[in-house]
S.K.: 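The structure's right below; bear with me while I get my questions together.
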Amino acid sequence: MPDGPITTTRHITAPLDQLYLHSFNPRQTATDDQVEAKAASIATSVGLMQELLAYQDPDREGFGIVGGGLRLRGLQKLAEEGWNRYPDQQKITDVPLHVTDDPVVAHAWALGENVSREELSPAQEIRAYAAQAAQGLSAEMIARGFGKPARHVARRLALAALDDDVIDALEAGEISLDVARALTIARSPEAQVETLQAAIENGWSEWAVRRSLQGDSITSDDWRVRCIGLPAYIEAGGAMTEDLFQDHALLHDEKVLKKLFGDRLARTADEVKAEGWAEVRVVTDSSWIHHLTVDLKKHHAPSVDLPEGDAQELDRLEERSRSIEDALDRADLARRDELRKRREGPYPDEVIEAGTAFVYADRSGTVEISRGWTKPGKGRSDATGDGGTDHAPAKPPIPDNLRQELITLRTAALMGGLVDKTDLVLDMLAWQLDGHLPPYSAPFNISTSLHPLPDPSDSVAVDKRLTDLKDWHQRDDGDRLTFEAFRELGKKHRNQVLARHLPRTLRNAGDGSVMAEMEREFSVGLRKVWTPTAETFFKRCRAEFLDNLWAELLELEDDDDLRAQFSSQSRAQKAKELEDLFTNAEVQEAYNLSGEQIAKIDAWVPGDV
């Protein structure tokens, strides 16, 4: 070792036993095959063709290799063998080094040397980026050094807080990167490691891990959270875990959420009570008020005449709201709603004194009020018979049947004009499906409401490209585009919208062979996204069905003791045993199942689906 500290970068040689792998080096692990390949390369060449990059760390004796770690391992392997692979093998006693004592330079060497070679594995990236960040480098600086997007580095750094056991399992291929991401939502290191072990033992997917860790937690996009606002929940002391790889957080204090949500509706209810209604009811469940109004009569507030200018403005806004080319922006929508509200007159006193108002939140979290509900025969006005709703309607200037004929003719004319306008039709369809105008204004007779998807927590894995879609109700006013603005995004965007939304319109109806053909074409099927469990499937089936399924999967004869033993159990016990048979490799091994039997279980679906 040279005397005195190194003050500049220098080219020197040093004994092999004075070299070690420094923590700056991103490649902290290597397989036996990689080390053997490098040792063979060195042994069969004329020696070490390149010098190693080293950092003289003041906290440790020797030279820390920041570039050339695999070559260092190859040299160490050959030294352990005694340099005796070949009779003429060259013994390398002194290793050529390029040395620095500047940690910034050493970091730069480590980045440049390793980026130019084989790509790092995800686990190596996580550890390498974390080591760089610990030295004070920002994600942007690390990204530049590794030649990666800053967002990519930031997402890897988000995984750096995982327990070492998790990163070790990722490096060993025992879990996927998606499973590692899911483990970040664990509320404690102990829960993280416990779930890791379960994931490895049971082969859990990302969604199974999330389901296990999420438990009874509530996502921040829940309609009640949207109603009260996430800051209010946090301010009230509600516990929360950020999900770094999803668009929501997990809320753990449902009692806090329920109280805040109830208080929010109660404040609105107090305002409505001041109007004098006989009863004001707060509805806090998600079913709204349909089940509460089955036996009630709805009264509508009578309309009043607006000033002529306001009436004409409202007519124009209403017409534009039905237009394809001239959709309303946020300000216009607010103005239209204001004029609509002003057009509504007060409810008659008889209706208020006998009526009920409901206060609730819709699925978007908006607080709504539905007034004017009474029991049949109550709230009737002497003047109108039912609080203003029994006036004989004035005869329209054009009979309704004639108006419908004209609308049909107008539509037919437009259809003919669109036949040759393929791009325009596709633009309109994509704009409609992407949720930029309300369903009642949709130009095509295709629903803009997204078909429901199964809950990912119920033993299913749903493609994120489907769950990320928005319909009209899920978009904010500022997020909705006019047709002109949508078309300006170009055909590529339009085609991407169609490719994402049209699959959500798929119906499991008609010729079942078409569905089967598509499944074969795309190598998909029910079991690709669903695993039957006790809660989601088996407990809901008849006991004899479970008996027959158990015997079928285990290939049991009628007089087999295992069949009789299973049949004697409760339905809940049967459901649990079937779940274990489908999801637990140890149970499958205990029953000595063949590979063919396990494949049959993995592919099984109910016969009538």
Side-chain angles (χ1 to χ4, degrees), residues 126 130 133 139 151 153-167 175 177-196 198-199 204-268 282 284-286 360-367 453-462 464 467-470 473-476 479:
I126 293 167
R151 177 175 174 80
V153 173
R155 292 174 75 86
R156 289 291 191 263
L157 286 174
L159 294 168
L162 286 168
D163 189 273
D164 286 341
D165 287 348
V166 177
I167 301 180
I175 61 171
L177 184 60
D178 286 337
V179 168
R181 289 170 177 159
L183 286 167
T184 61
I185 68 173
R187 298 180 66 182
S188 68
E190 294 76 18
Q192 191 177 95
V193 173
E194 181 180 344
T195 307
L196 167 67
W204 281 357
S205 67
E206 171 194 4
W207 288 113
V209 172
R210 288 187 183 280
R211 181 175 68 248
S212 175
L213 289 172
Q214 182 171 333
D216 296 330
S217 300
I218 300 161
T219 60
S220 56
D221 56 3
D222 184 274
W223 59 295
R224 295 166 295 177
V225 181
R226 291 198 295 267
C227 179
I228 66 169
L230 189 58
Y233 173 84
I234 297 172
E235 185 177 347
M240 182 181 73
T241 300
E242 291 283 355
D243 192 333
L244 302 173
F245 299 95
Q246 298 287 321
D247 295 330
H248 56 249
L250 297 177
L251 282 60
H252 306 302
D253 291 331
E254 188 173 12
K255 288 184 178 180
V256 173
L257 176 60
K258 284 183 174 180
K259 182 179 187 309
L260 292 172
F261 180 61
D263 291 346
R264 172 69 181 87
L265 296 183
R267 289 194 296 271
T268 300
V282 173
T284 57
D285 61 29
S286 59
Y360 65 98
D362 65 19
R363 298 304 297 176
S364 69
T366 303
V367 176
L453 290 171
D455 184 352
S457 66
D458 291 338
S459 305
V460 300
V462 181
K464 196 171 188 295
T467 59
D468 282 348
L469 302 183
K470 294 180 180 179
H473 302 289
Q474 293 167 320
R475 287 190 179 276
D476 297 328
D479 190 32

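Quantities reported herein were computed from a predicted structural model and do not represent experimental measurements.
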S.K.: Between the main-chain N or O of Arg181 and the side-chain N or O of Thr184, is there a donor-acceptor pair closer than 3.5 Å?
M.R.: yes
S.K.: Judged by atom type as modelled, is there a donor-acceptor pair below 3.5 Å linking the side chain of Tyr233 to the main-chain atoms of Leu260?
M.R.: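 Not a single qualifying donor-acceptor pair exists.
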S.K.: Rounded at 0.5 Å granularity, tell me how far CZ in Arg224 sits from CD1 in Ile218.
M.R.: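 That separation rounds to 4.5 Å.
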S.K.: Check Thr195 against Ser212 and note the closest heavy-atom contact, atom names and distance.
M.R.: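 Smallest interatomic distance, heavy atoms only, reads CG2-OG, 4.3 Å.
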S.K.: Output, in order, the C-alpha distance, side-chain angles, deciding distance and verdict of side chain to side chain contact (heavy atoms under 4.5 Å, CB included) for Val179 and Trp204.
M.R.: CA-CA 8 Å; Val179 168; Trp204 281 357; 6.0 Å; no
S.K.: So Leu183 and Asp163, do their side chains get closer than 4.5 Å, heavy atoms only?
M.R.: no
S.K.: Distance check, rounded to the nearest 0.5 Å: Ile185 atom CD1 versus Arg210 atom CZ?
M.R.: 5.5 Å
S.K.: Any idea which heavy atoms bring Ala130 and Ala160 closest together, and the distance?
M.R.: CB-CB, 3.7 Å
S.K.: Could you tell me whether the side chain of Thr219 reaches within less than 4.5 Å of the side chain of Leu250, counting heavy atoms only?
M.R.: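 The answer is yes; the side chains approach within 4.5 Å.
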S.K.: Could you tell me whether a side-chain N or O of Arg226 sits under 3.5 Å from a main-chain N or O of Asp221, the two making a donor and an acceptor?
M.R.: yes
S.K.: Restricting to non-hydrogen atoms, name the atom on Ala361 and the atom on Leu265 that form the minimum distance, rounded to 0.1 Å.
M.R.: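 Heavy atoms only, the tightest pair is N-CD2, 4.3 Å.
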S.K.: To the closest 0.5 Å, what do you measure between CD1 (Ile228) and NZ (Lys259)?
M.R.: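 Those atoms lie 11.0 Å apart.
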S.K.: Between Ala191 and Leu213, which heavy-atom pair has the shortest distance, and what is it?
M.R.: O-CD2, 4.2 Å
S.K.: First locate atom OG1 of Thr268, then atom OH of Tyr360, and finally report the distance between them rounded to the nearest 0.5 Å.
M.R.: 12.0 Å
S.K.: What are the two closest heavy atoms between Val209 and Ala199, and how far apart are they?
M.R.: CG2-CB, 3.9 Å
S.K.: Roughly how far apart are Cys227 SG and Leu257 CG, rounded to 0.5 Å?
M.R.: 9.5 Å
S.K.: Might you point out which heavy atoms bring Val225 and Ser220 nearest each other, and give the distance in Å?
M.R.: CG1-O, 3.4 Å
S.K.: Please round to the nearest 0.5 Å and tell me the distance separating atom CG of Leu177 and atom CZ of Arg155.
M.R.: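 Interatomic distance, Leu177 CG to Arg155 CZ, rounded to 0.5 Å: 9.0 Å.
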S.K.: Quick one: are Asp165 and Leu196 in side-chain contact, heavy atoms under 4.5 Å?
M.R.: yes
S.K.: Under a 4.0 Å threshold between the charged nitrogen and the carboxylate oxygen, would Asp263 count as salt-bridged to Arg267?
M.R.: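 Looking at Arg267 and Asp263, the cut-off is not met.
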